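Quick caveat: nothing in here was measured; it's all calculated off a predicted structure. So you know, we letter chains A, B, ... as the sequences are listed, proteins then strands, and number each from 1.
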There are 2 protein chains.
Amino acid sequence: MGRYRVGLETRERILSATRRLLSEVGVDGVTLKAITDQARVGAGSFYNLFDSKEEAVFEVVREAIEAVDPDPDGEGTDTLADLVDAFVTFMTGSSPIARIYLQLAVGRGLTDRAIATRVIRSHRTRVDRFTDAWLREDPTLTPEAAERRAQTMLAALTGLGLSVLLDETFDMRAHALELLPSSAVSSAAS
Amino acid sequence: MGRYRVGLETRERILSATRRLLSEVGVDGVTLKAITDQARVGAGSFYNLFDSKEEAVFEVVREAIEAVDPDPDGEGTDTLADLVDAFVTFMTGSSPIARIYLQLAVGRGLTDRAIATRVIRSHRTRVDRFTDAWLREDPTLTPEAAERRAQTMLAALTGLGLSVLLDETFDMRAHALELLPSSAVSSAAS
DNA sequence: GAAGAAATGTAGTGTACGCTCCAATATGTA
DNA sequence: TACATATTGGAGCGTACACTACATTTCTTC
């Protein structure tokens, strides 16, 4: 599966259709039939390329998160301000996927063990990124203190993201700046 | 419907069952059969008292959101540390309401306007509470700055609450202390 | 205690959905 | 060209689900 050119093209069509439907009808409204109709593909083709409907949805969300990564190659050059900025952009940008991500992570992750595991794992790698950035920002921190700050900062950003999704007049960026140490704020403003 | 004593009792049994199931299997996992089995009631009885399944779920949600409202007869003497402590206790306590509240606020509030409005309103009153505490903590703050800090702190607490619900080994209290200004931390430790 | 209204349980009904099966066809490789 | 493997569509399967119809029982009132 997924080794011939046409198969890869079909896969892309399916992901596009899923992405589009997620933003139009929400996570609960996406049915397999809607996806396959939209992608002009039979159910058999779908299951030739994906193990389940969930798989396609996850893939779309994963790609959306990746798309706003300030350092996709993991070169360790991103600052705290960069990371915060990327998160804010993800949440306030035009893509509706942030909403889907939170719905999945919270609405489902809270009861579905499999989803919780996925969410925690992706969260884990993000915490590491923030921890490294904290250490670069303030080398006097112990690794434990840096990680604690990373966790708190990420949680705060998630909470702020929730606020802005619930109330679109909420100024997430202004609030997010509160989270940065003062030295990083001034460099972000430059 | 719902005019005889037994009917009202049945109604309560149904709401209890719904509440319990919401916390155990989540919003999407609640089926009519589960509710009626749990409440030891037939489907006919259910529909004699409620117009639809949603009706019962919504009622439970309404009550859960109400329960999260801050104490209305607070005297305005609580410190930031007190408020943070109360929030942490609510999130890490044994009651499943926190989980239900977050699931509904996020899982539904993100798509259902009516629920979003409710969530925002109860959030609003909590922000005011935190704003006052900030002003007491640091009287040099402008009201705007105090409110911004209150919003950020509350969002952070919500995010931390989410973390602890997803991963129960997460030490929410330790992280929440990070959010307090250093003066308040020392007074909280005393 | 009679009568009417409310409550109850059960056995369905209709439907929407995720997914499988499989025969036919297209694609890549030597 | 011949062969193996991937891809395709879509009929249809199994199931889960919200909800209904209705005969029976219980409750309340006068």
Side-chain angles (χ1 to χ4, degrees), chain A residues 1-22 24-61 100 103-104 107-109 111-115 118, chain B residues 1-61 103-104 107-108 111-112 115:
Chain A
M1 73 242 299
R3 288 221 284 268
Y4 288 177
R5 187 181 45 78
V6 284
L8 295 179
E9 282 169 7
T10 302
R11 191 184 140 87
E12 284 312 310
R13 276 222 310 293
I14 289 172
L15 288 177
S16 289
T18 306
R19 190 161 31 236
R20 178 175 191 165
L21 285 165
L22 274 176
E24 281 175 1
V25 297
V27 71
D28 288 332
V30 176
T31 66
L32 192 77
K33 184 170 183 340
I35 293 174
T36 53
D37 281 358
Q38 180 79 228
R40 267 164 307 168
V41 149
S45 307
F46 182 96
Y47 283 98
N48 180 44
L49 295 161
F50 295 91
D51 287 342
S52 68
K53 190 192 74 166
E54 296 278 277
E55 206 69 28
V57 172
F58 282 142
E59 179 62 15
V60 167
V61 174
I100 304 295
Q103 277 188 324
L104 275 179
R108 297 226 172 141
T111 46
D112 186 325
R113 206 90 213 129
I115 294 188
R118 279 192 114 103
Chain B
M1 73 228 313
R3 290 222 285 269
Y4 288 177
R5 188 179 44 79
V6 284
L8 295 179
E9 283 169 6
T10 302
R11 191 184 141 88
E12 283 313 309
R13 277 221 309 291
I14 288 172
L15 288 176
S16 288
T18 306
R19 192 175 309 121
R20 178 175 188 164
L21 286 165
L22 274 176
S23 63
E24 282 174 1
V25 297
V27 183
D28 291 332
V30 176
T31 66
L32 191 76
K33 184 172 185 336
I35 293 174
T36 52
D37 282 357
Q38 180 78 229
R40 268 164 307 169
V41 150
S45 307
F46 181 96
Y47 283 98
N48 181 44
L49 295 162
F50 296 91
D51 287 343
S52 68
K53 190 191 75 165
E54 294 283 282
E55 202 74 23
V57 171
F58 194 82
E59 176 64 15
V60 168
V61 173
Q103 273 191 326
L104 281 168
R108 294 243 168 135
T111 45
D112 185 325
I115 293 190

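For B:Leu8 and C:dT8, the CG to C1' distance is 15 Å, given to the nearest whole Å. The NZ-P distance, from B:Lys33 to C:dG12, rounds to 15 Å in whole Å. A:Ile35 has its CD1 atom 16 Å from the P atom of D:dT8, to the nearest Å. Residue A:Arg11 contributes atom CZ, which lies 11 Å from atom P of D:dT7 at whole-angstrom precision. Atom CD in B:Glu9 sits roughly 15 Å away from atom P in D:dT26 (whole-Å rounding). Per the geometry, CZ belonging to A:Phe50 stands 15 Å off C1' belonging to C:dG18, to the nearest Å. If you measure from atom CG of A:Asp37 to atom P of D:dG9, you get 12 Å, rounded to the nearest angstrom. One can place CG of A:Leu32 at 14 Å from C1' of D:dG12, the figure rounded to the nearest angstrom.
The shortest non-hydrogen separation linking A:Leu32 to A:Ala43 is CD2-CB, 4.4 Å.
When the side-chain nitrogen and oxygen atoms of A:Ser45 are compared with OP1 and OP2 of D:dG9, one or more of them lie within a distance under 4.0 Å. Dashed line: the shortest gap from a side-chain N or O of A:Ser52 to OP1 or OP2 of C:dG18 is not under 4.0 Å. Contact annotation: B:Thr10 reaches the phosphate of C:dT8 (side-chain N/O to OP1 or OP2, under 4.0 Å). Regarding contacts with the backbone of C:dA6, every side-chain N or O of B:Asn48 stays at 4.0 angstrom or more from both OP1 and OP2.
Residues A:Glu54 and A:Arg118 are not in side-chain contact: their nearest non-hydrogen atoms beyond the backbone lie 4.5 Å or more apart. Side-chain contact between B:Val25 and A:Thr111: absent, with no pair of heavy atoms (C-beta onward) separated by less than 4.5 Å. A:Val57 places a side-chain heavy atom less than 4.5 Å from the side chain of A:Leu104.
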Test log, rule salt bridge (charged side-chain N to carboxylate O under 4.0 Å, His left out), inputs B:Glu9 and B:Arg5: CA-CA 6 Å; B:Glu9 283 169 6; B:Arg5 188 179 44 79; 3.1 Å; yes
Derivation and outcome, side chain to side chain contact (heavy atoms under 4.5 Å, CB included), residues B:Asp28 and A:Asp28: CA-CA 9 Å; B:Asp28 291 332; A:Asp28 288 332; 4.1 Å; yes
Taking only nitrogen or oxygen atoms into account, show me every contact under 3.5 Å that the protein makes with nucleotides 24-30 of chain C, one pair per line with its distance.
unit_1: C:dT27; atom_1: O2; unit_2: A:Tyr4; atom_2: OH; d: 3.3

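The number of heavy atoms from other shown groups lying within 6.0 Å of CZ (A:Arg13) is above 12.
Each of A:Phe46 and B:Gly44 was matched to the nucleotide of DNA chain C holding its nearest heavy atom; the match closer to the 5' end belongs to B:Gly44.
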